[in-house]
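Taking it in order: structure first as structure tokens, then the write-up.
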Amino acid sequence: MRLPPVAPIIRAKLGSTPANGHTTFLPQIRKLVIEYCDNWPSSANTRTYLLNHIEDVARQNSHVEVVVRQRSQKEPIIRGFYVNNRDKVIPLNGLEVTQIQKKIELLLDSSGAKIKPLKKTVQSTTEAARGIWSGLHAERPTL
């Protein structure tokens with residue numbers, strides 16, 4: 001006994017507009033450029049990293065465009081481009097392979113925003129009229 005053919009289920013396009021929220025997270029980095037020199041000894045560890053690890057990084061971060069460029073007669077650098085039209089540049093000369101991996105992770109996890117110094121130790125929406133209360137400096141009650 002043969003079963004009748006099943007009609008295909010026609011579905012609408014499954015997609016949504018990307019936005020950061022409590023259910024989704026969009027990484028802020030869009031492009032990662034690694035530049036190195038083929039001859040200089042300061043680029044030796046960068047070349048080793050590129051030969052052994054860059055494909056894994058590109059596979060794990062498919063949302064990031066990974067570009068490798070030769071930069072003749074210059075020190076190796078890594079440059080991250082972010083969605084807020086900013087970029088960060090980190091020099092790689094003198095770094096070991098594991099340190100280069102940490103620098104790449106730093107750029108991948110960064111937001112690209114400027115670093116803002118914290119001027120006050122306590123941040124509050126309303127200023128305290130007399131400072132911060134401490135139980136160590138209050139008067140002891142008398143019984």
For [X] and [Y], which heavy atoms make the closest approach, and how far apart are they?
X	Y	value
Lys74	Cys37	O-CB, 3.5 Å
Arg47	Asp38	NH1-O, 3.4 Å
Lys88	Ser110	NZ-OG, 2.8 Å
Gln73	Trp40	OE1-NE1, 2.9 Å
Asn84	Ser111	ND2-O, 3.8 Å

Quick check for you: to the nearest 0.5 Å, what is the distance between [X] atom [atom1] and [Y] atom [atom2]?
X	Y	atom1	atom2	value
Lys102	Asp109	NZ	CG	13.5 Å
Lys103	Thr46	NZ	OG1	12.5 Å
Asp56	Gln101	CG	CD	9.0 Å

Residues, nucleotides or ligands: over 12 heavy atoms within 6.0 Å of Glu105 CD = yes
Salt-bridge contact Arg79-Glu35 (side-chain N to carboxylate O under 4.0 Å) = yes
Path from Phe81 to Val67 over hydrophobic side-chain contacts below 4.5 Å = yes
Mind checking whether Pro27 and His63 have side chains closer than 4.5 Å, heavy atoms only?
-> yes
Linked hydrophobic residues, Leu107 as query - side chain contacts closer than 4.5 Å = Ile29, Leu32, Ile34, Tyr36, Tyr49, Leu50, Ile54, Val57, Val64, Val66, Val68, Ile78, Tyr82, Ile90, Leu92, Leu95, Val97, Ile100, Ile104, Leu106, Leu108
